[in-house]
Amino acid sequence: MTETVSWRKSSYSGGGDGNTCVEIATLRTRVAIRDSKDPSKGRVTVPVGSFTALIHSLKATSAT
């Protein structure tokens with residue numbers, strides 16, 4: 001059985017030169033990440049916990 005993947009682009013993505021962003025898809029136990037400009041180039045998947053830790057770290061860094 002193949003899992004259905006629903007990709008989401010960051011709300012920070014815009015048109016033109018600002019359209020350099022990633023898309024994510026939440027899978028059962030992992031998060032998939034791909035380039036929004038060229039999604040056919042492949043994707044990387046990481047465990048949900050690792051992705052959550054990365055996001056928390058990025059938010060903490062940008063707040064300082």
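The first residue of the sequence shown is numbered 1, and numbering continues consecutively from there.
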| message | If you compare all heavy atoms of Pro39 against all heavy atoms of Glu23, which two are closest, and at what distance to 0.1 Å? | response | CB-OE1, 4.4 Å
| Residue of the set Val5, Ile33, Asp35 for which side chain to side chain contact (heavy atoms under 4.5 Å, CB included) holds with Arg43 | Val5
| remark: CD1 (Ile24) and OG1 (Thr45) are apart, to the nearest 0.5 Å, by 13.0 Å
| Do Thr26 and Phe51 come close enough that some side-chain heavy atom pair is under 4.5 Å? | no
| query | Thr61 side chain to Ser57 main-chain N or O, any donor-acceptor pair under 3.5 Å? | reply | yes
